[in-house]
**Student:** 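Following this message is one structure expressed as structure tokens.
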2 protein chains.
Amino acid sequence: SEPPTVVDTSDPYSLDPARHPGLLFHNNKPCNAELPPSLQTENWITPNALFFIRHHHPVPVIDPVAFRLSFHGVGVRPIALTMEDLKERFPKTTVVSTVQCGGNRRAELDAISPTAGIGWGTGAVSNAQWGGVLLRDVLVYSGLLTPEVAQSLGAHHIVFKAADGLEASIPIDKALAVFGDTLLAYEMNGEQLPAEHGGPIRLIVPGHVGIRNVKWVTQVISSTEEAMGPWQRGIAYKGFSPNVSDFSSVDVESILSIQEMPVQSVVVSPEPNSVVAIDGDDDTIVLSGWAWSGGGRGIVRVDISSDGGETWTTATLTDGSEQHPYRAWAWTFWEGEVAVPKNARTGGAVTLLCRATDSSYNVQPERVESIWNKRGLNNTAWHRVHINVKLEK
Amino acid sequence: SEPPTVVDTSDPYSLDPARHPGLLFHNNKPCNAELPPSLQTENWITPNALFFIRHHHPVPVIDPVAFRLSFHGVGVRPIALTMEDLKERFPKTTVVSTVQCGGNRRAELDAISPTAGIGWGTGAVSNAQWGGVLLRDVLVYSGLLTPEVAQSLGAHHIVFKAADGLEASIPIDKALAVFGDTLLAYEMNGEQLPAEHGGPIRLIVPGHVGIRNVKWVTQVISSTEEAMGPWQRGIAYKGFSPNVSDFSSVDVESILSIQEMPVQSVVVSPEPNSVVAIDGDDDTIVLSGWAWSGGGRGIVRVDISSDGGETWTTATLTDGSEQHPYRAWAWTFWEGEVAVPKNARTGGAVTLLCRATDSSYNVQPERVESIWNKRGLNNTAWHRVHINVKLEK
Ligand SMILES: [Mo]
Ligand SMILES: [Mo]
């Protein structure tokens, strides 16, 4: 779609960038759009133009020359850095990290009983190579915030304030971890970070839920407490029990904000409701998809089944499978074959499913019903795809 | 039981310590004994005499005066430290950490189809306060192995060799993590570390499977590779798919050794097969138990049910619930009440169950069948206890 030739200044979204028409749009103001299933495993690195979009506000317009990124708070020597400072004073680091929205696969929860939020399919997830400076380097070498100082002063969170008004925080353990790879990113897949995806500077918190990967960061604040505001302390990113149908019945503050995400996997092909042609001699159906887990936990196995999980076939892990098992920030692709069920040999409905195991041997829950939650987050149930087999010959 | 007055020197187990008769013994040579259900939540800190025992060999007899702990390997300045050196050169640190065997709850897997290993109930787990020095402090300050050196030389594992011949390793990320709390322990609950539990020095790797908490450590070796030997590279601590019924059919080396464990919970009371008396006015049954997860992931919620998971009650978290959500090395106790099912109001069989969610929002799998594995490891299925309700009045 083309940008409007006349900008309507009464519309705060009038300056939002043009977007790839291949995305699946849920909203435009603010923009929320997912990577369609057919494109999820097309490229291990998602092209910038197809990277999923989850905004809460208009895309801020930031002048990179006037821009300053300020650091302050408990135990931090106050500093304000230009883009030049960031690029020249600290080594450039690249990290390939998959970003997944906490609400990915919410539509399956909504199918049981409505939840609160955007009805994402499987595509509120994408993968990119991010370039920038390690947050730890800036905090330690310019901010003088060592782990020892943080511990002695009770600094437990690093809070990020963004140009669009969003505010979120991450535990200081992650921010300062030597092998944590938390990045202040200014590049995305070798290009200057687009405004759409948080330019000039966004946070990349590998292994954590999308919302913590704060876009358009302007302030980095060391704090004794986690961030204020709805994205941290409200219901927006908190996990509820299936027995909670009404947020007023629970003490929301006492529930832990989501940071790291649980293990996830998705069947990308065959697509839901597709018709798979087999000839009478074929006794298998080929499946492929992706898997990912939070906290850098790599994927150690993906099991697939065509009989509801009575029997399993172990899929072959492909792109991403060579990642470090405890610093596997990016998704892993997989493919495998399952038997055509006997009763479908002459055509008919088949349910295909996948489940992954991560490097801490966490597994996915079997049924969506067992983890349904009113906010519609962290749906990691075994992913089921219903198809029809059509006999050819 | 009393120690024998005449030692049979032909029996390598003749010098094993006397043991508390309240433990549940599976074997004596080597000793394997669990903490009985009735005592699991009696004390948040398990008394030393009741701490579960999982040995592979006789308890080594080590002279603490002649003892040296040696450090060497890739990037490490070779050193050998006496007990005095360890205690005087490094600050003493205490960590409360739960140790759980990878085979805990194996008996439930065996009930479906036999696995390979000791048929543990729920008690291959205990909790203690360990005192000692941080492994990181010794490696960094005496061994001069900084994270930067380790990374540049490709040192990926720290290997531990023990006086009983056991050998195991942990990822260097864990060994050097500032907030990882990996300890060379010489105290257990304020007492000198008993020989039974690894004295004079054992490793405590909070959040990792029992086997990595190597007892009777004599050598600490930085390495490009993980440890050799059956406990690391063999089938002993590897997770298999349910479809593997024969180890010869898989490439064992390609399967990741278990390090961090997945989220777990157990109903301790009522005990299995017990008769719970209710009077006609009672409409609830009180449940209690413990929950724990690997990797320092705290317990954010325990759900309990008396109808197979159709409906849930959220339990109250008690001892251990105040731990740091990402450095929660110790178990969390819980208690709650579930409704007496309508069809059991006049007496009859009831199945009670629990499941926990950890701070990465990982959940437990629903059915033992779905995670059955030939080696019998990581059984973290929803824990079910079958009881009978008896109507009084
Ligand atoms: Mo999100
Ligand atoms: Mo174990």
Side-chain angles (χ1 to χ4, degrees), chain A residues 102 146-148 151 156 171-174 176-180 207 209 239-244 250 255-256 258-263 293-298 300-301 303 309-314 324-327 355 357-367 369-371 377-378 380 382, chain B residues 102 146-148 151 156 171-174 176-180 207 209 239-244 250 255-256 258-263 293-298 300-301 303 309-314 324-327 355 357-367 369-371 377-378 380 382:
Chain A
T146 63
E148 291 74 16
Q151 215 162 2
H156 294 307
I172 202 151
D173 320 48
K174 175 68 175 177
L176 296 181
V178 174
F179 301 106
V209 62
F240 296 91
S241 171
N243 64 358
V244 174
V250 281
I255 294 171
L256 191 76
I258 299 171
Q259 296 280 356
E260 290 182 3
M261 294 190 82
V263 58
S293 186
R297 294 179 283 276
V300 300
R301 201 177 69 240
D303 298 317
E310 279 298 300
T311 61
W312 299 97
T313 303
T314 298
H324 185 297
Y326 309 107
R327 287 169 86 184
R355 63 168 190 180
T357 301
D358 75 14
S359 62
S360 294
Y361 284 90
N362 289 300
V363 295
Q364 297 179 231
E366 183 166 337
R367 296 180 302 122
E369 290 80 358
S370 80
I371 51 160
L377 296 169
N378 281 335
T380 55
W382 296 359
Chain B
T146 62
E148 291 74 16
Q151 217 162 1
H156 293 307
I172 203 151
D173 320 48
K174 175 68 175 178
L176 295 182
V178 173
F179 301 107
V209 62
F240 296 90
S241 170
N243 64 357
V244 175
V250 281
I255 295 172
L256 192 76
I258 299 171
Q259 295 281 355
E260 290 182 3
M261 294 190 81
V263 59
S293 187
R297 295 180 282 277
V300 301
R301 200 176 70 240
D303 298 316
E310 280 298 302
T311 61
W312 299 97
T313 303
T314 298
H324 186 296
Y326 309 108
R327 288 170 87 184
R355 63 168 191 181
T357 301
D358 76 14
S359 62
S360 294
Y361 283 90
N362 290 299
V363 295
Q364 298 179 229
E366 182 166 338
R367 296 178 304 121
E369 290 80 357
S370 80
I371 50 160
L377 296 168
N378 281 335
T380 55
W382 297 358

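In what follows, chains are A, B, ... by sequence order, proteins preceding strands, each numbered from 1.
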**Student:** What part of B:T311 gets within 4.5 angstrom of chain A, counting heavy atoms only: side chain, backbone, both, or neither?
**Tutor:** neither
**Student:** Evaluate the criterion side chain to side chain contact (heavy atoms under 4.5 Å, CB included) for residue pair B:T314 and A:N243; output intermediate values, then yes/no.
**Tutor:** CA-CA 8 Å; B:T314 298; A:N243 64 358; 3.5 Å; yes
**Student:** So which part of A:E369 gets closer than 4.5 Å to some heavy atom of chain B, the side chain, the backbone, both or neither?
**Tutor:** neither
**Student:** I want to check something: taking the side chain as every heavy atom from C-beta on, are A:Q259 and B:P325 in contact at a cut-off of under 4.5 Å?
**Tutor:** no
**Student:** Flag the one option from A:S293, A:G298, A:P242 with the top tally of heavy-atom pairs under 4.5 Å to chain B.
**Tutor:** A:P242
**Student:** Name the option with the most non-hydrogen atom pairs under 4.5 Å to chain B; the candidates are A:G309, A:P171, A:G294.
**Tutor:** A:P171
**Student:** Measuring from atom CZ of A:R355 to atom OG of B:S370, what distance do you get when rounded to the nearest 0.5 angstrom?
**Tutor:** 5.0 Å
**Student:** Taking every non-hydrogen pair under 4.5 Å, which of B:H156, B:R297, B:K174 racks up the most with chain A?
**Tutor:** B:R297
**Student:** Quick one: are B:Y326 and A:E260 in side-chain contact, heavy atoms under 4.5 Å?
**Tutor:** no
**Student:** Taking the side chain as everything from C-beta on, heavy atoms only, tell me whether B:S241 gets closer than 4.5 Å to A:R301.
**Tutor:** yes
**Student:** Side-chain contact test, heavy atoms from C-beta onward, threshold under 4.5 Å: evaluate it for B:L176 versus A:V178 and give yes or no.
**Tutor:** no
**Student:** For the residue pair B:Q364 and A:P365, establish whether any side-chain heavy-atom pair is separated by less than 4.5 Å.
**Tutor:** no
**Student:** In terms of heavy-atom pairs under 4.5 Å, which option from A:E310, A:E148, A:R327 contacts chain B the most?
**Tutor:** A:R327
**Student:** Could you grab the distance from atom CD1 of A:I258 to atom OG of B:S359, nearest 0.5 Å is fine?
**Tutor:** 11.5 Å
**Student:** Which residue in the set B:D358, B:V300, B:T357 passes side chain to side chain contact (heavy atoms under 4.5 Å, CB included) when paired with A:L256?
**Tutor:** B:V300
**Student:** With only heavy atoms counted, which part of B:D173 is less than 4.5 Å from chain A, the side chain, the backbone, both or neither?
**Tutor:** both
**Student:** Which answer fits B:Y361, side chain, backbone, both or neither, if we ask what part of it has an atom under 4.5 Å from a heavy atom of chain A?
**Tutor:** both
**Student:** Taking the side chain as everything from C-beta on, heavy atoms only, tell me whether B:N362 gets closer than 4.5 Å to A:M261.
**Tutor:** no
